[in-house]
Student: 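Take a look at this one; I'll ask things after.
Within every chain, numbering begins at 1; the chains are lettered A, B, ... in the order of the sequence lines, protein sequences first and strands thereafter.
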Number of protein chains: 2
Amino acid sequence: MTTQDDRCASGQTGQDRGGAQARACTVREALDRVGGKWSIGILIAASTGPIRFTELERRVEGISRRMLTLTLRNLERDGLLVRHVHATVPPRVEYTATPMARELYESLVALTRWAERHRDAISAARAAYDREHPVAKPTQSV
Amino acid sequence: MTTQDDRCASGQTGQDRGGAQARACTVREALDRVGGKWSIGILIAASTGPIRFTELERRVEGISRRMLTLTLRNLERDGLLVRHVHATVPPRVEYTATPMARELYESLVALTRWAERHRDAISAARAAYDREHPVAKPTQSV
DNA sequence: CGGGATCCGTACCGATACTG
DNA sequence: CAGTATCGGTACGGATCCCG
């Protein structure tokens, strides 16, 4: 989303046994492309076949026209989506996920399952944390 | 990172064959917790065993004290990290990844491999896109 | 139909200074 | 040592209006 490439750029100054931080950086490469609020939704909607702009707008519910356009551009730039313009009277633009994008989606399956498995544990953890760490505004009282 | 829970909240208004968008949303649940710039780095550094604050500061290179603290708090809140304070003269605080966090990391392996496989293809796609889509500033020339 | 341009609020993140 | 507090920049994302 950043226009910038922002390669990991770790100077490798300290000790990094096993290249742990280097691997962290590799993961971030992937996350950076899919971390946007709408990227995944669009990718999935486009993974089953060519899909039009307006159809995307309907399917990826809640997205604004602007973000749809922007995210599409970024995905196209990264080679995850192909944009095809039909020179018809009402313009017809279709987006299709590339094989690389579909591989990406499959790589996310494990993550999806993780989220499903731990969904409850996480919200429980959050609730517990919030209970034990109240905000404690100084301007309270009464 | 948002303090807010922000559950997917898809009203399920339109057609979502196969619950595609619902799955997109599940992925985002996971991404939201790990999408922060430093989350993964910290998680990995803490996954091999208890690690101290300062040690983390050294290992996760480039991180500021502030972001380290903030990210640690969020990870702890989500139940991905456990914070243990030793009541010694110089304070000693150790962070340890929970089993859930380690599972998370393992779920990211597929994604890591994807990033490795397509790293070059992506930067090539970007270069090509940028070549064909110059910025074209209106206030150019001399 | 499929965008682009602009305005604006908010989140994220970095730098710096202070503290129990 | 392990933080907290404050400031400020920038990127993200939403709303609205305009256009071929």
Student: Among C/dC1, C/dG4, C/dG14, which nucleotide has an atom closest to any side-chain atom of A/Pro90?
Tutor: C/dC1
Student: Can you tell me if A/Thr69 uses its side chain to pair, donor with acceptor, with the backbone of A/Arg65 under 3.5 Å?
Tutor: yes
Student: Between B/Ala45 and B/Ile51, what is the shortest heavy-atom contact and its length?
Tutor: O-CD1, 3.8 Å
Student: Nearest whole angstrom, please: distance from the C1' of D/dC1 to the CD1 of B/Ile51.
Tutor: 15 Å
Student: Quiz question: by atom type and distance under 3.5 Å, do the side chains of A/Arg113 and B/Thr26 form a donor-acceptor pair?
Tutor: no
Student: Could you state the atom-to-atom distance from CZ of A/Arg83 to P of C/dG4 in whole Å?
Tutor: 7 Å
Student: Show me the pairs that pass salt bridge (Lys or Arg N to Asp or Glu O under 4.0 Å) and involve residues 95-112 of chain A, at least two apart or across chains.
Tutor: A/Glu103-B/Arg117
Student: Is it true that a side-chain atom of A/Arg33 and a backbone atom of A/Glu29 form a donor plus acceptor pair closer than 3.5 Å?
Tutor: yes
Student: Can you measure A/Phe53 atom CZ to C/dG3 atom P for me and round it to whole angstrom units?
Tutor: 5 Å
Student: Take atom CG of A/Leu70 and atom P of C/dG3, then tell me their distance rounded to the nearest Å.
Tutor: 12 Å
Student: Examine D/dG14: is either OP1 or OP2 under 4.0 Å from a nitrogen or oxygen in the side chain of A/Lys37? Give yes or no.
Tutor: yes
Student: Among the candidates D/dG3, C/dG14, C/dC1, find the nucleotide nearest to the side-chain atoms of B/Ser64.
Tutor: C/dG14
Student: To the nearest angstrom, how far is A/Leu72 atom CG from C/dG4 atom C1'?
Tutor: 14 Å
Student: Describe the nucleic acid contact of B/Thr54 in one word from base, sugar-phosphate, nothing, applying a heavy-atom distance below 4.0 Å.
Tutor: sugar-phosphate
Student: Can you tabulate the close N/O pairs, meaning under 3.5 Å, that link protein atoms to atoms of nucleotides 6-9 of chain C?
Tutor:
residue: C/dT6; atom: O4; partner: A/Arg66; partner atom: NH1; Å: 3.4

Student: Figure out the CE/P separation between B/Met67 and D/dT10, and round it to whole Å.
Tutor: 17 Å
Student: Whether the A/Thr96 and A/Arg83 side chains hold a donor-acceptor pair (N or O, under 3.5 Å, no angle test) is what I'd like checked.
Tutor: no
Student: Using a 4.0 Å heavy-atom cut-off across all strands, classify A/Arg65 as base, sugar-phosphate, or nothing.
Tutor: base
Student: Starting the side chain at C-beta, find the nucleotide from D/dC1, C/dG4, C/dC1 nearest to B/Pro91.
Tutor: D/dC1
Student: Return the nearest nucleotide to the side chain of B/Thr69; candidates are C/dG2, D/dC1, D/dG3.
Tutor: D/dG3
Student: Determine whether a donor-acceptor pair (N or O, by modelled atom type, separation under 3.5 Å) exists between the side chain of A/Thr71 and the backbone of A/Leu68.
Tutor: no
Student: How close or far is atom C1' of D/dT16 from atom CD1 of A/Ile63, stated in whole angstroms?
Tutor: 17 Å
Student: Check whether any side-chain nitrogen or oxygen of A/Arg73 sits under 4.0 Å from OP1 or OP2 of C/dG2, and answer yes or no.
Tutor: no
Student: If you assign each of B/Arg92 and A/Gly62 to its closest nucleotide in DNA chain D, which residue comes earlier from the 5' end?
Tutor: B/Arg92
Student: Whole Å only: how far is the CZ atom of B/Arg52 from the P atom of D/dG3?
Tutor: 10 Å
